[in-house]
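What follows is a single structure, written as structure tokens, with notes after it.
Reminder, nothing fancy here: chain letters follow the sequence lines and each chain counts from 1. Quick note: numbers below take in every heavy atom, side chains included, and nothing from hydrogens, waters or symmetry partners.
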2 protein chains.
Amino acid sequence: MAGAGRTRDTGTLGKLMTLLDMVALSDDAMRFTDILARSDQPRGTLHRQLTHLVEEGLLETDREGRYLTGIRLLHLASHSWARNQFRNLAEPHLRRLQEQTGETVHLGVLRGAEVIYLDKVEGRQSVRMYSQIGNASPAYCTGVGKAALSTLDDLSLQRLVDTLDFHPFTEHTHLSAASLLADIAATRLRGHTFDHEEHERGICCVAAPIRSADHDVLAGVSVTGPAYRLTAERLEECAPLVRAAAAAITVDLRARLGPRG
Amino acid sequence: MAGAGRTRDTGTLGKLMTLLDMVALSDDAMRFTDILARSDQPRGTLHRQLTHLVEEGLLETDREGRYLTGIRLLHLASHSWARNQFRNLAEPHLRRLQEQTGETVHLGVLRGAEVIYLDKVEGRQSVRMYSQIGNASPAYCTGVGKAALSTLDDLSLQRLVDTLDFHPFTEHTHLSAASLLADIAATRLRGHTFDHEEHERGICCVAAPIRSADHDVLAGVSVTGPAYRLTAERLEECAPLVRAAAAAITVDLRARLGPRG
DNA sequence: TCTCAAAGTTCCATTATCTGGAACTGAATT
DNA sequence: AATTCAGTTCCAGATAATGGAACTTTGAGA
């Protein structure tokens, strides 16, 4: 994806993180040779690097010697997630919004040109949160992303948009800066934005922006669901609720962070 | 805690991970000086190390320059968690067990002398899983831990027990190897084990072991709840259900992993 | 069972990176 | 204006990473 500004590969840590990414984000355990083929390190070097990652618990090996993600990552991440101020403060509002609408509610923050999902509250049927938490999606084709983008000033927005290359995830995905910017202009006027199957076919959402007083947090809340249930009318009905939730979170955020900032 | 064999601090990665641990596991954002005081690195060195961690997205700084956990950890961890074979395969069984008992269900794996919680299914009221996922607890005073220990052969068990030092978390915590070993012997006979407020006052559980054909996975499932609700009789009622769930997971595990292993 | 090729591991002189003391900047306090 | 404290930068020296090559193990085929 564009924009996100990949970290450099130089420096001991950089190289190790590149490896860690490769293994952790792969869908399967990787054998030494698989990793060797996809990295440009000599065998000896690669082997030692992997050994170090395993020693630190960031990777593990199964009994066939294949590498997979270690449990230490889970430990570190879950602790910091549970302590995340912004998420904690937003959570009751997300929960209320979920109860009001009966649909899935997402909280996402903007990082460069991507949105990262910080929390998710689903209805009673499925408790399978986590699945999407931590995931990154392009901002330009998601409700939460577009909402967050709408809080940027024109200059920052233009600079960010310039770095995008538009990928047609569905037939409704924005494919040009002009089209995206028009959408964002409308979003600013309304205070909320829609995603009519722009990222995933069959999935719609309505989202509203959250921004702290000093622009330190750029985020969005959304109500998401299947297109057959979240019709245009239904989305319009939800819009005020989503805006209210976003506003409430913004107020809490300023109350909590404002005095100090 | 004993046993877990903390990783060495030598080597570039080791030092950085020690830092990352300190910041990620702290309850608040830490200022440079706080970190300096709690590490034995010279100022210049520490500063560069933190800079590297920030460059890689493992840490972030807030606008006051304090360090907190970066979002990249969440990204890496959530991906690997969602893809974790064992967790995925166990999940439907955990969910069923939760429905059958109405209590919180845990899945934990043994790592050295500690249990790490891989999944948690709670009743309708609270969707606040995640809070405990990834957390480590001593094996000798938790239901899941003792269940997992009961699958070890005598030699391995003895060696592991030898490394323990017993900490009295409550008045019911095992305080000697003999007492623990007796409990585990009983667990082997019954096929399940209890935790009567051994780790946390007011919390009881009943747990059963999971072990794959080739001993690669040592784990346990438990049903956990407040002592006033989970009385001795109630725990006995749950025991067969917990054993059944553990057995079902074990079967699935062998079916999935057996052919290859 | 033996042989060969591929996969994985270890070694060590070389080299790049990290180290850490000290000097520097900038902001807050007196 | 002077002083203190927090944070940052610098560079010669110490340390750890590198990578080519040799070595061991595994497994497939004859």
Give, for atom [atom1] of [X] and atom [atom2] of [Y], the distance between the pair rounded to the nearest 0.5 Å.
{"X": "A/Leu160", "Y": "A/Leu155", "atom1": "CG", "atom2": "CG", "value": "11.0 Å"}
{"X": "A/Ile133", "Y": "A/Leu118", "atom1": "CD1", "atom2": "CG", "value": "8.0 Å"}
{"X": "A/Met30", "Y": "A/Met22", "atom1": "CE", "atom2": "CE", "value": "5.5 Å"}

### Task
Give the angle between the helix axes at the two ends of the helix from C/dT1-D/dA30 to C/dT30-D/dA1, taking five base pairs at each end and rounding to 10°.
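What I find for the helix from C/dT1-D/dA30 to C/dT30-D/dA1 is an axis angle of 40°.
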
No-hydrogen, no-angle side-chain donor-acceptor test under 3.5 Å, [X] and [Y]:
{"X": "B/His93", "Y": "B/Asp252", "result": "yes"}
{"X": "A/Thr187", "Y": "A/Ser150", "result": "no"}
{"X": "B/Gln158", "Y": "B/Asp154", "result": "no"}

### Task
Could you tell me how the ring of A/Phe169 sits relative to the ring of A/Tyr140: parallel (under 30°), tilted (30 to 60°) or perpendicular (over 60°)?
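Tilted, since the angle between the ring planes falls between 30° and 60°.
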
### Task
Please work out which of the three classes, parallel, tilted or perpendicular, describes the rings of A/Phe32 and A/His47, given edges at 30° and 60°.
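Judged by the thresholds at 30° and 60°, the geometry between A/His47 and A/Phe32 is perpendicular.
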
Starting from [atom2] on [N], measure out to [atom1] on [X] and report it in whole angstrom.
{"X": "A/Met17", "N": "D/dA17", "atom1": "CE", "atom2": "P", "answer": "16 Å"}
{"X": "A/His52", "N": "D/dA16", "atom1": "NE2", "atom2": "C1'", "answer": "9 Å"}
{"X": "B/Glu56", "N": "C/dT17", "atom1": "CD", "atom2": "P", "answer": "14 Å"}
{"X": "B/Leu16", "N": "C/dT17", "atom1": "CG", "atom2": "P", "answer": "15 Å"}
{"X": "A/Leu50", "N": "D/dA17", "atom1": "CG", "atom2": "C1'", "answer": "14 Å"}
{"X": "A/Leu13", "N": "D/dT18", "atom1": "CG", "atom2": "P", "answer": "12 Å"}

### Query
When you measure from the side chain of A/Arg254 to the backbone N and O of A/Arg211, does any donor-acceptor pair fall under 3.5 Å?
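Checking the backbone N and O of A/Arg211 against the side chain of A/Arg254, a donor-acceptor pair under 3.5 Å is found.
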
### B/Asn135 backbone acceptor or donor facing A/His79 side chain under 3.5 Å
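Answer holds: no.
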
### Query
In residues 23-35 of chain B, what residues come within less than 4.0 Å of DNA chain D, judged by heavy atoms?
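Per residue number, the list reads B/Phe32, B/Thr33.
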
### Query
Would you call B/Glu60 and A/Arg111 a salt bridge, taking side-chain N to carboxylate O under 4.0 Å as the test?
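Salt bridge between B/Glu60 and A/Arg111, a charged N being under 4.0 Å from a carboxylate O: yes.
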
When you compare the protein's N or O atoms with those of nucleotides 19-22 of chain C, which come within less than 3.5 Å of each other, and at what distance?
| from | atom 1 | to | atom 2 | distance (Å) |
| --- | --- | --- | --- | --- |
| C/dT19 | OP1 | B/Lys15 | NZ | 3.3 |
| C/dT19 | OP2 | B/Arg48 | NH1 | 2.9 |
| C/dT19 | OP2 | B/Arg48 | NH2 | 2.9 |
| C/dG20 | N7 | B/Thr45 | OG1 | 3.1 |

### Message
Can you see if the side chain of B/His47 gets near the phosphate of D/dT8 - specifically, an N or O under 4.0 Å from OP1 or OP2?
### Response
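So the side-chain polar atoms of B/His47 do come within 4.0 Å of the phosphate oxygens OP1 or OP2 of D/dT8, strictly under.
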
